[in-house]
J.: 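First, the structure itself, so that you have it in front of you.
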2 protein chains.
Amino acid sequence: MKKLDILCCECQNNNCFIKKHCLDTDTLTKEIAENKSTNRYFKDQHILMEGSFVDGINFVQSGRVKVFKNGLQEKNQIIRLVAEGGILGHRGLSNRKTYSISAQALSEAIICSFDKLFFLELLKKSPNLTFNLLLFFANELNHVESTLRDLSVFNVREKVAKALLSLIDSFGLSKSNNINYISDLTRQNIAEIVGLNSNQVSKVFAEFKEDKILETKGKNIKILNIKKLEQIISI
Amino acid sequence: MKKLDILCCECQNNNCFIKKHCLDTDTLTKEIAENKSTNRYFKDQHILMEGSFVDGINFVQSGRVKVFKNGLQEKNQIIRLVAEGGILGHRGLSNRKTYSISAQALSEAIICSFDKLFFLELLKKSPNLTFNLLLFFANELNHVESTLRDLSVFNVREKVAKALLSLIDSFGLSKSNNINYISDLTRQNIAEIVGLNSNQVSKVFAEFKEDKILETKGKNIKILNIKKLEQIISI
DNA sequence: GTAAAAATATGATTAATATCATATTTATTT
DNA sequence: AAATAAATATGATATTAATCATATTTTTAC
């Protein structure tokens, strides 16, 4: 079994927030190594639970994660899609006691975690980290606010286009034999990005197949024409 | 005419972010006084324009402001309601060149502004300010994410209840003769908080009157039973 | 204070969305 | 590889939401 607790400087994930902004001095690097705990999560496993007590802040070393809020009767709303290098549980840095979101692995994932108190101390010691975290928050805010407008303005067809583009934006397209595809997501997951249900996604997919925008084979979605998707949601 | 450029220490607005977190030293206090510019805006006047170049960050000294994103054909989405003490244009601190939102005065408002570069320098000098701004962003993020879920899950009746509660949360209730009321907002404004149109708000108001939740007289909305409003949107 | 304009209220109609039922396909288990 | 379970697709239907038209009320301008 692969050793999980590697040092940040040996880690392959160069998108990591810690790696980019927090290894200014040897002292910091050492402290981070000592306080980091790394865990593996299986597909569909919960990483954070809405309502449970905040214990720390987490960074995605590898894998894909969905962050969502519970709605009524199984109708969740996905808030973010997080790929490797991304941050999880940062809202817990605010004064709230409990997580306002759940996070669940969409694939096998390795997550590096720090205790909240340690991380708050780290922020005090590293203005550079704090400032970059501020920028991250500002961008997140821009992003969620755009999504809010989109959900309020888009119809079902536009929402499905938006969901696919969000997926591509967050996770990129897998390439095989020069074909771009989105893989391994249920219709339900896609629906929950934009507040729909799986039937509605299937129906719009049927339209998109007619329009030569995509083809599907099970959970593999071949993207044939990304430009058309973008046109659908261009305001 | 009232002099606008008062010193922060003479300002009556004790909710002000600058006043609370940024007057640690005399040097800072002096710098802030020198770099602050204060302006009056009339009702309905634009304070920030989506798409225009970011010039600074703004604080509401007095008055009420709506922050919104343009949708298609007059259908805007209100993102935040900001009362005195609130921050405007903070998303501009991110790396983006242009504002992602518009802001418009809902009443006469006095706004204190700082140049973006000055404010970024200020953040470097005051870790306390930076950290508190980080907390502010975290709370904003929680707030917008909750709204995102609500818009995706709520029906029209629930959305109107949510809009009224948002207004009360942001601006409080005006009191006169022991009666609580929301004042001075068009149905269109209320609708845009939750992605509806003014007709829909009027119709739900008719229901709410039947249910003794509120009474209206023009733009004055008497809130008779806030508990019932909360019940409507409790998940 | 009156006239004009704007905003609101509301019934009727149209359109869009969500749900249900069921067939089909895909994935999982043994 | 066959059997079972799960997920997806899709037509039909029900529900909800959005629009339109018009009456009424409120606000603004003179």
J.: Nearest whole Å is fine: how far is C:dT19 C1' from A:Lys75 NZ?
T.: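 It works out to 12 Å between those atoms.
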
J.: Could you pull out the closest heavy-atom pair between A:Glu158 and A:Ile232, with the gap in Å?
T.: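 Closest approach of A:Glu158 to A:Ile232, heavy atoms only: CG-O, 3.7 Å.
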
J.: Taking atom P of C:dT19 as reference, at what distance in whole Å does atom CD of A:Gln188 sit?
T.: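 Rounded to whole Å, this separation is 11 Å.
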
J.: For DNA chain D, find the residues of residues 194-212 of chain A with a heavy-atom distance under 4.0 Å and give them by number; none if there aren't any.
T.: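 By residue number: A:Asn199, A:Ser202, A:Lys203, A:Ala206, A:Lys209.
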
J.: Quick check on contacts: within residues 213-222 of chain B, what sits under 4.0 Å from DNA chain D by heavy-atom distance?
T.: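 Contacting residues: B:Gly218, B:Lys219.
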
J.: How close or far is atom C1' of D:dT27 from atom CG of B:Asn189, stated in whole angstroms?
T.: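 Interatomic distance, CG of B:Asn189 to C1' of D:dT27: 16 Å.
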
J.: Write down the distance between NZ (B:Lys159) and C1' (C:dT17), rounded to a whole number of angstrom.
T.: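 To the nearest whole Å, that distance equals 11 Å.
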
J.: Which salt bridge (Lys or Arg N to Asp or Glu O under 4.0 Å) pairs, counting each pair once, include a residue from residues 194-211 of chain A, with sequence neighbours left out?
T.: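 Qualifying pairs: A:Arg157-A:Glu207, A:Arg157-A:Asp211.
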
J.: Not counting sequence neighbours, which residues clear salt bridge (charged side-chain N to carboxylate O under 4.0 Å, His left out) with B:Lys162? List them please.
T.: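 B:Lys162: salt bridge (charged side-chain N to carboxylate O under 4.0 Å, His left out) contacts with B:Asp150.
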
J.: Using the test side chain to side chain donor-acceptor pair (under 3.5 Å), find all partners of A:Gln188 that sit at least two apart in sequence or belong to another chain.
T.: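 A:Gln188 satisfies side chain to side chain donor-acceptor pair (under 3.5 Å) with A:Glu192 once adjacent residues are dropped.
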
J.: Could you pull out all residues at least two apart from B:Arg187 that satisfy salt bridge (charged side-chain N to carboxylate O under 4.0 Å, His left out)?
T.: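 Salt bridge (charged side-chain N to carboxylate O under 4.0 Å, His left out) list for B:Arg187, sorted by chain: empty.
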
J.: Identify, with sequence neighbours excluded, every residue that meets side chain to side chain donor-acceptor pair (under 3.5 Å) alongside B:Ser152.
T.: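 Only A:Gln77 meet the side chain to side chain donor-acceptor pair (under 3.5 Å) criterion with B:Ser152.
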
J.: Write down the distance between CD1 (B:Ile182) and P (C:dT8), rounded to a whole number of angstrom.
T.: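 Those two atoms, CD1 and P, are 14 Å apart.
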
J.: Rounding to an integer number of Å, can you tell me how far A:Arg187 CZ sits from C:dT25 P?
T.: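 Rounded to the whole Å, the gap is 14 Å.
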
J.: Can you list everything that forms a salt bridge (charged side-chain N to carboxylate O under 4.0 Å, His left out) with B:Lys36? Sequence neighbours excluded, please.
T.: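 Result, salt bridge (charged side-chain N to carboxylate O under 4.0 Å, His left out) vs B:Lys36: none returned.
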
J.: Measure the distance from CG on B:Asp44 to P on C:dA6 and round it to the nearest whole Å.
T.: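 Atom CG in B:Asp44 sits about 14 Å away from atom P in C:dA6.
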
J.: If you look only at pairs with a residue in residues 88-114 of chain B, which of them pass as a salt bridge (Lys or Arg N to Asp or Glu O under 4.0 Å), with sequence neighbours excluded?
T.: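 The answer is A:Glu145-B:Arg91, B:Arg40-B:Glu108.
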
J.: To the nearest Å, give me how far apart CG (A:Leu185) and P (D:dA7) are.
T.: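 After rounding, the gap between these two atoms is 13 Å.
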
J.: Using the salt bridge (charged side-chain N to carboxylate O under 4.0 Å, His left out) criterion, which residues pair with A:Asp184? Sequence neighbours excluded.
T.: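 Scan of A:Asp184 (salt bridge (charged side-chain N to carboxylate O under 4.0 Å, His left out), adjacent residues dropped) gives A:Lys43.
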
J.: Taking five pairs at each end of the helix from C:dG1-D:dC30 to C:dT30-D:dA1, what angle separates the two helix axes (nearest 10°)?
T.: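 The two end axes of the helix from C:dG1-D:dC30 to C:dT30-D:dA1 meet at 60°.
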
J.: Locate the shortest heavy-atom distance separating A:Ser170 from A:Ala83; write the atom from each residue and the value.
T.: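 Closest approach of A:Ser170 to A:Ala83, heavy atoms only: O-CB, 3.5 Å.
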
J.: What pairs of donor and acceptor atoms, side-chain ones from residues 46-54 of chain B against any protein atom, are under 3.5 angstrom apart with sequence neighbours left out?
T.:
{"unit_1": "B:Glu50", "atom_1": "OE1", "unit_2": "B:Asn70", "atom_2": "N", "d": "2.8"}
{"unit_1": "B:Ser52", "atom_1": "OG", "unit_2": "B:Met49", "atom_2": "O", "d": "2.8"}

